[in-house]
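What follows is a short report on a single structure.
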Amino acid sequence: DDALLGAGYALSAAQEHGAETHVCIFCDGSAGYSSPGDRDTIVAVRREEALRAYAVLGLGPAQVHRLELPDFSANHHVGWRLPSGGYGALQTLVPLLRRERITRLLVPNGYREHLDHEATYDSGRYDGVQAGDPVLVDLGAPQPLRSVAIYAVWGDLSPEDALVQRADPQIRANRAIVADY
């Protein structure tokens, strides 16, 4: 639900202007239960909830991509090769960005809000750039990004924003600037 909460309006606006939108869900939702009895079924429940929620925005199942990383563990999967010898999120994310010809990314802010948000932020800003570079060409033809933007999932972009706002209430983190490129 993070992209829906933090970037839902941006996704809707992009679609209104003719953009094809996709969502990449990094984590499996395994920690999303509020009752111990839901522990064994929560991943399936969260998958179904996500599909229904993004369908409201007009995204079909082919536009909702999942990496299935364990909740509260995405930071252990950032990068290409892991210390364990396995592959990290880059191995899935770069081919996805190239295959879908993604040109713009919205990534959650990486500012001490949540471990998985920070990891997703890092993957977006690092792996996204790699999607356009002529490296790892066996993962698909390079597809350069035009921009990477950051959104706040739960609130302001950083805890210090509240301090800044007291000094100058006109400074807000939830404003967008539209500019020609």
Side-chain angles (χ1 to χ4, degrees), residues 1-29 32 46-69 74 78 89-111 113-114 116-137 139-158 161 164-165 168-181:
D1 58 0
D2 292 349
L4 192 61
L5 292 171
Y9 286 120
L11 290 169
S12 291
Q15 290 170 334
E16 287 176 19
H17 287 88
E20 179 182 330
T21 57
H22 293 257
V23 171
C24 183
I25 300 170
F26 273 59
C27 295
D28 62 6
R46 297 292 296 219
R47 280 186 197 127
E48 182 58 34
E49 287 174 344
L51 288 174
R52 285 197 323 261
Y54 289 114
V56 171
L57 286 180
L59 277 72
Q63 293 166 285
V64 179
H65 310 276
R66 301 185 66 90
L67 298 187
E68 300 293 353
L69 303 177
V78 173
L90 182 143
Q91 187 72 13
T92 304
L93 193 57
V94 167
L96 169 65
L97 295 171
R98 288 175 174 178
R99 181 180 65 250
E100 300 298 340
R101 305 188 54 77
I102 303 299
T103 58
R104 302 185 191 285
L105 287 182
L106 285 170
V107 298
N109 64 307
Y111 189 81
E113 189 175 62
H114 188 292
D116 292 334
H117 298 176
E118 292 177 24
T120 304
Y121 167 82
D122 287 340
S123 288
R125 69 187 177 124
Y126 294 129
D127 300 350
V129 172
Q130 300 310 312
D133 284 348
V135 298
L136 301 170
V137 294
L139 299 181
Q143 173 60 44
L145 287 178
R146 290 183 165 190
S147 62
V148 177
I150 301 167
Y151 67 88
V153 176
W154 296 331
D156 293 332
L157 287 172
S158 72
D161 288 340
V164 171
Q165 289 174 18
D168 183 356
Q170 300 303 311
I171 297 175
R172 299 282 304 162
N174 61 354
R175 297 249 170 103
I177 299 172
V178 177
D180 292 333
Y181 56 93

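Listed by first and then second residue, the side chain to side chain donor-acceptor pair (under 3.5 Å) pairs involving residues 119-132 are Asp122-Arg125 (not counting sequence neighbours).
Evaluation of the salt bridge (Lys or Arg N to Asp or Glu O under 4.0 Å) rule for Arg66 yields Glu68 as partners, not counting sequence neighbours. By the side chain to side chain contact (heavy atoms under 4.5 Å, CB included) test, Ala74 is found to be paired with Cys27, Leu69, Asp116, Ala119, residues two or more places apart in sequence or in another chain being considered. Remark: Val148 engages Leu105, Val107, Leu145 in a side chain to side chain contact (heavy atoms under 4.5 Å, CB included) (not counting sequence neighbours). Listed by chain and number, the residues in a side chain to side chain donor-acceptor pair (under 3.5 Å) with Ser147 are Arg104 (sequence neighbours excluded). Under the side chain to side chain donor-acceptor pair (under 3.5 Å) criterion, Gln91 pairs with Trp80, not counting sequence neighbours.
Between Tyr151 and Ala3, the closest heavy-atom pair is OH-CA, 3.5 Å. Closest of all the heavy-atom pairs between Tyr54 and Leu4 is OH-N, 3.3 Å. The two residues Cys24 and Leu67 make their nearest non-hydrogen contact at SG-CG, 3.9 Å. The two atoms that bring Gly128 and Leu97 nearest to each other are CA-CD1, 3.7 Å, heavy atoms only. Contact detail for Leu106 and Ala7: the closest heavy-atom pair is CD1-CB, 4.0 Å. When all heavy atoms are compared, the tightest approach of Ala152 to Asn109 is CA-OD1, 3.5 Å.
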CA sep, side-chain torsions, deciding dist, call: Gln143, Arg98, side chain to side chain donor-acceptor pair (under 3.5 Å): CA-CA 5 Å; Gln143 173 60 44; Arg98 288 175 174 178; over 6 Å; no
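Atom CG of residue Leu11 and atom CD of residue Gln63 lie 10.5 Å apart, to the nearest 0.5 angstrom. In this structure, CG in Leu139 is found 9.5 Å from OG1 in Thr92, a value given to the nearest 0.5 Å.
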Could you list the donor-acceptor pairs under 3.5 angstrom formed by side chains in residues 13-21, with sequence neighbours left out?
from  : atom 1 : to    : atom 2 : distance (Å)
Gln15 : NE2    : Thr21 : OG1    : 2.8
Gln15 : NE2    : Leu57 : O      : 3.1
His17 : ND1    : Ala13 : O      : 2.9
Glu20 : OE2    : His22 : NE2    : 2.8

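Using a 4.5 Å heavy-atom threshold, the side chains of Leu136 and Leu90 count as touching.
Around CZ of Arg99, the count of heavy atoms belonging to other residues, nucleotides or ligands within 6.0 Å exceeds 12.
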